[in-house]
Protein chains: 2
Amino acid sequence: MNVPIIQSCCQPVLSEPLDGGEAIELAAAFKVLADPVRLLLLSLIANASAGEMCACDLVTPTGRSQPTVSHHLSILTDAGLLRREQRGKWVYFRVDPERIAVLRDALAPPSAGVVRNP
Amino acid sequence: MNVPIIQSCCQPVLSEPLDGGEAIELAAAFKVLADPVRLLLLSLIANASAGEMCACDLVTPTGRSQPTVSHHLSILTDAGLLRREQRGKWVYFRVDPERIAVLRDALAPPSAGVVRNP
DNA sequence: TCCTCATATCGATGGTTATCGATGTAACCA
DNA sequence: TGGTTACATCGATAACCATCGATATGAGGA
């Protein structure tokens, strides 16, 4: 997957018209969330007691092969939704809530925080 | 695309662990947003002066064929993100902001409105 | 240095979907 | 009734992506 880093790219969809480039960028960002395994990974990591999880503990609960889980963790990390930290042989992941907030903000209600006709 | 109606299915992803079914449902919902043409359609309709737009006026600004635009409008309508109203020969669409809010809420910050350990 | 284990990468495959031209359907009008 | 226009559906195609087994990489430990 072509995964650009998720960053604030535009006004909320419902508050101001998107141009073509913004639409492509936002769509790519939502595509990262459009997979059940990736949502499950985000949820597992976000709700882990230490706020982080070892990749080794993410294979079993997702029910996928180790390469598949590694693939999804890469996509989430490339998008900036996860932060990766290697400790010895192990890799730990934690969620970056600010990146998630960018996507959340793109869905803000109409005219929230936007002066349409100043 | 298999497009279930978008409805509140679960606690926010970052606040409580998802189960497999919830993850599948949420992923399908985000998949609806994971296309630039559909985001552009949502944006155009939400920002139209009358709060609605005729399908006939959505072909040119998206730069796609009429069948393709009709296809995407169907997906958005099936998901509940758009409301469809036929008036004579014409079909008008308006955004349902509550359905968008469901997706937005799924991305709520950790523990927002959720008591993790009561 | 060799072995083990955790993770990443590779190559192949099957399923999904965005897209289009052609055509069907249905509303309006003369 | 016949023509025109708006929209939906159909069938085909090309691109994309999740998935896996096999294998490479790289860190620790003996």
Side-chain angles (χ1 to χ4, degrees), chain A residues 1-4 20 23-42 44-45 48 52-79 81-94, chain B residues 1-4 18 20 23-42 44-45 52-79 81-94:
Chain A
M1 261 213 334
N2 187 14
V3 190
I24 290 175
E25 195 170 334
L26 251 188
F30 281 119
K31 197 174 297 183
V32 175
L33 295 181
D35 182 277
V37 175
R38 289 196 287 271
L39 287 177
L40 203 50
L41 289 169
L42 280 177
L44 286 165
I45 295 167
E52 65 177 11
M53 274 188 83
C54 175
C56 59
D57 291 324
L58 290 166
V59 174
T60 301
T62 55
R64 305 297 147 116
S65 69
Q66 177 269 325
T68 297
V69 173
S70 176
H71 169 69
H72 288 302
L73 288 170
S74 285
I75 289 175
L76 288 164
T77 305
D78 289 349
L81 297 179
L82 289 181
R83 299 228 173 260
R84 195 192 114 109
E85 189 189 341
Q86 180 124 22
R87 295 212 285 274
K89 276 195 292 195
W90 296 276
V91 179
Y92 289 80
F93 292 91
R94 58 178 61 235
Chain B
M1 265 214 329
N2 188 14
V3 190
L18 290 176
I24 291 174
E25 195 170 333
L26 251 188
F30 281 119
K31 198 174 297 183
V32 175
L33 295 182
D35 182 277
V37 175
R38 289 196 287 271
L39 288 178
L40 203 49
L41 289 169
L42 279 177
L44 287 165
I45 295 167
E52 65 176 12
M53 274 188 83
C54 174
C56 59
D57 290 324
L58 291 166
V59 173
T60 301
T62 56
R64 305 297 147 116
S65 69
Q66 176 269 324
T68 296
V69 173
S70 176
H71 168 69
H72 287 301
L73 288 170
S74 286
I75 288 174
L76 288 164
T77 304
D78 290 348
L81 296 179
L82 289 182
R83 299 227 174 260
R84 195 192 114 109
E85 187 188 341
Q86 180 125 20
R87 295 211 285 274
K89 276 195 294 195
W90 294 277
V91 179
Y92 289 80
F93 292 91
R94 59 178 60 237

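Residue numbering restarts at 1 for every chain, and letters A, B, ... go by the order of the sequence lines. Note: hydrogens, waters and symmetry copies are ignored here, and every other heavy atom, side chains too, is used.
In this structure, the nucleotide among C:dT17, D:dC20, D:dA18 sitting nearest to the side chain of B:Met1 is C:dT17. The side chain of B:Ser65 lies closest to C:dC20, out of C:dC20, C:dT7, C:dA18. Here the nucleotide nearest the side chain of A:His72, chosen from C:dA8, D:dA18, D:dC7, is D:dA18. Each of D:dA18, C:dA18, C:dA6 was ranked by its minimum atom distance to the side chain of A:Lys89; first place goes to C:dA6. Of all nucleotides listed (C:dT17, D:dA6, D:dA18), D:dA18 comes nearest to the side chain of A:His71. Distances were taken from every side-chain heavy atom of B:Pro67 (C-beta onward) to each of D:dC7, D:dC20, D:dT9; the shortest belongs to D:dT9.
For a distance-only test at 3.5 Å, the side chain of A:Gln66 qualifies as a donor-acceptor partner of the base of C:dA8.
Heavy-atom distances to DNA chain D give each of A:Val69 and A:Arg87 a nearest nucleotide, and the one nearer the 5′ end belongs to A:Val69.
When the side-chain nitrogen and oxygen atoms of B:Ser70 are compared with OP1 and OP2 of D:dA8, one or more of them lie within a distance under 4.0 Å. Of the side-chain N and O atoms in A:Arg84, one or more sit less than 4.0 angstrom from OP1 or OP2 of C:dA8.
At a threshold of 4.0 angstrom between heavy atoms, the contacts of A:Arg38 are confined to the sugar-phosphate backbone, with no base atom among them.
Between the side chain of A:Glu52 and the main chain of A:Cys54, no donor-acceptor pair closer than 3.5 Å is present.
With salt bridges taken as basic N to acidic carboxylate O contacts below 4.0 Å, one links B:Arg87 and B:Glu85.
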